[in-house]
Amino acid sequence: MTPSRSRTTRVIAGTATALAVLTACGGGGDDTANKPNGPVTLTFWGWAKGTKDVVDAFNASHTDVKVKFEEIPSGTAGGYAKISNAVKAGNAPDLVSIEYSSLPEFVSSGALQDIGGEFTEADRAKLLPQTVELTTLGGKSWAVPFDASPQAFFYRKDLFEKYKVRVPATWDEFEKAAAQVKKADAKARIATFFPDDPTTFEAMAWQAGAQWFKAEDDTWKVNTTDPATTRVTAYWQKLLDTGLVHKNASFSPEWVGSLKNGTTLGYLGASWGAGVLKGTLPEQSGKWAVAPIPSWDGKPASGMLGGTSFAVTKDSKQKAAAVAFAEWMSTTEEGVKARIASGTSSAFPAAAALRPVAKQAFDAGYYGGQDIYALFETAGASINPSWAWGPTTGTTNTTIKDQFGKIAPGGPSLADAVKAGHDATVAELTKRGLKVEG
């Protein structure tokens, strides 16, 4: 166990009152590792690129367990609501995809089962420690991490060269490059601020060293006005005020259109974005490249944007089989190859041993043969380990998203939106009977 993981686990495990609901409401099942007694049929809901290919490969190579897959909308686009409603109705699938940011909320609502008996310490030791930390709550293991999602900057190499813009290594350089792009083409911008996606903003705060949620003793400490967050908020407010970035909803027709016509030159995303761009803009093959996300001091630093884990719902009678399938997807060469060879996924596996497999399976010709997985490797190692998600992420993000949509000159600011998210979070934690500071 790494020092950071040990520290995080002790902190979370020690919050007896603040996390009481995590341990009291968690799903059933004993903690004795066991193998599924097949043949059994599992139901699985998810949305990540390449998932159907993985399920098809599993079913073709296994006779003891069969998986019925249903593709659902991404979590914040309705998938999480569908899962929650199914759990309440008692007809949830056995296994579900849940991003790390939303896992604590599902655990606290009693929607999931502790899988520590099946997903052992030896299994977890194979994975990036930061992903293990994010799936360990109240000293228990709640999900199998699939990928890490370190940040990256995707940019139009041809247009950067045309406008003689240097790829920025720092956020100060990014601002200067943004001004240079705007000067070269009045309609063009270096990147886009996504008002509908608070997770991108949160990844920036994470990278800068923020720690919005902290469980200490019997109290949740909520702090969105720390120096790191304040710095990030002021920076992006300035970019918006000076018109140096576009403001469009993520993956919207407007955003995609601006990528197609070359009026957006870059995308501040994560490792999985390489597959998204490749699938969205196939006609631009060879024009894109990937760089490390800019940092404040030019040294490698990253938050995480998204990232998938697989969790067993509380009423599943097939926990052992579900965990075995989740581990096959996450920790076997066959599972990773099946997902990435489809051409739609550029997932960066949490399992270190499988990253060479992912690199080999992903056709990097779209990026001119660039070794993008070497870049992801460095970024993944630099993920700030101090960040933790709270049990009310849905409330936090919904509030910030609503406020981000209202930002306009002379109107609400980014700081106002973050403050609103803070206040809504504190109110929700208090409503749930938890002790809160902040």
Side-chain angles (χ1 to χ4, degrees), residues 1-16 18-19 22-23 26 97-108 112-116 118-151 199 202-203 205-217 220-223 228 270-271 300-312 323 326-327 330-331 347-355 376-377 379-393 396:
M1 182 179 290
T2 66
S4 61
R5 179 182 166 198
S6 177
R7 180 173 61 254
T8 303
T9 303
R10 286 199 304 271
V11 169
I12 294 178
T15 55
L19 288 176
L22 293 181
T23 54
S97 293
I98 298 182
E99 292 165 298
Y100 301 118
S101 58
S102 296
L103 186 65
E105 189 141 18
F106 277 93
V107 173
S108 68
L112 307 177
Q113 296 189 46
D114 168 20
I115 61 170
E118 290 74 20
F119 188 50
T120 66
E121 185 67 28
D123 297 324
R124 292 189 286 272
K126 303 172 185 176
L127 307 175
L128 186 72
Q130 291 95 322
T131 63
V132 175
E133 291 171 14
L134 292 170
T135 55
T136 304
L137 300 165
K140 295 185 177 183
S141 181
W142 296 96
V144 177
F146 166 61
D147 65 338
S149 50
Q151 294 170 283
T199 61
E202 288 162 348
W206 182 341
Q207 183 213 32
Q211 192 173 11
W212 284 13
F213 301 98
K214 187 177 181 181
E216 199 166 90
D217 297 326
W220 275 105
K221 294 187 176 181
V222 182
N223 184 8
S271 49
S302 182
M304 276 215 291
L305 177 53
T308 299
S309 70
F310 303 118
V312 181
V323 172
E327 287 195 73
S330 300
T331 64
F348 179 68
L354 295 179
R355 290 169 200 157
F376 297 158
E377 189 79 41
S382 75
I383 294 171
N384 189 324
S386 66
W387 183 276
W389 293 103
T392 58
T393 305
T396 307

I need the [X] [atom1] to [Y] [atom2] distance, nearest 0.5 Å.
| X | Y | atom1 | atom2 | result |
| --- | --- | --- | --- | --- |
| T396 | W389 | OG1 | CH2 | 8.5 Å |
| L103 | T308 | CG | OG1 | 11.5 Å |
| L134 | S309 | CG | OG | 9.0 Å |
| D147 | L354 | CG | CG | 12.5 Å |
| I98 | L112 | CD1 | CG | 4.5 Å |
| E121 | S141 | CD | OG | 9.0 Å |

**Item:** Contacts of type side-chain hydrogen bond (donor to acceptor under 3.5 Å, both in side chains), residue E99, not counting sequence neighbours
**Value:**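 Applying side-chain hydrogen bond (donor to acceptor under 3.5 Å, both in side chains) to E99 gives Y80.
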**Asked** Taking only residues two or more places apart in sequence or in another chain, which ones pass side-chain hydrogen bond (donor to acceptor under 3.5 Å, both in side chains) with E202?
**Response**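 Scan of E202 (side-chain hydrogen bond (donor to acceptor under 3.5 Å, both in side chains), adjacent residues dropped) gives none.
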Using modelled atom types only, decide if a donor and an acceptor are shared between the side chain of [X] and the backbone of [Y] within a distance under 3.5 Å.
| X | Y | value |
| --- | --- | --- |
| Q130 | I383 | yes |
| T393 | S101 | yes |
| W142 | V107 | no |
| Q151 | S302 | no |
| Q211 | S386 | yes |

Mind checking side chain to side chain contact (heavy atoms under 4.5 Å, CB included) for [X] and listing every partner two or more places apart, or none if nothing turns up?
| X | result |
| --- | --- |
| D123 | F119, T120, K126, E327 |
| A379 | P150 |
| A270 | S149, W272, L305 |

Of all heavy-atom pairs between [X] and [Y], which one has the smallest distance, and what is that distance?
| X | Y | result |
| --- | --- | --- |
| G209 | N384 | CA-ND2, 3.4 Å |
| V312 | I115 | CG2-CG2, 3.9 Å |
| A228 | A210 | CB-N, 3.5 Å |
| A148 | S271 | O-OG, 3.5 Å |
| W220 | P391 | CZ2-CD, 3.5 Å |

**Request:** Answer yes if the ring centres of W212 and W387 are under 6.0 angstrom apart, and no otherwise.
**Result:**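 Between W387 and W212, which both carry aromatic rings, the centre distance is below 6.0 Å.
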**Message:** Using the salt bridge (charged side-chain N to carboxylate O under 4.0 Å, His left out) criterion, which residues pair with E105? Sequence neighbours excluded.
**Reply:**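 Residues passing salt bridge (charged side-chain N to carboxylate O under 4.0 Å, His left out) with E105: R432.
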**Message:** Given L128, which partner from the list R355, E133, M304 fulfils the side-chain contact (heavy atoms from CB on, under 4.5 Å) test?
**Reply:**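 Answer after filtering R355, E133, M304: R355.
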**Message:** Angle between ring planes, F376 versus F348, binned at 30° and 60°: parallel, tilted or perpendicular?
**Reply:**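 F376 and F348: perpendicular rings.
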**Prompt:** For the residue pair F146 and F310, does the interplanar ring angle fall in the parallel (under 30°), tilted (30 to 60°) or perpendicular (over 60°) class?
**Reply:**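 Plane angle between 30° and 60°, so tilted.
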**Asked** Is the closest side-chain heavy-atom distance between P104 and F213 below 4.5 Å?
**Response**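 Not in contact.
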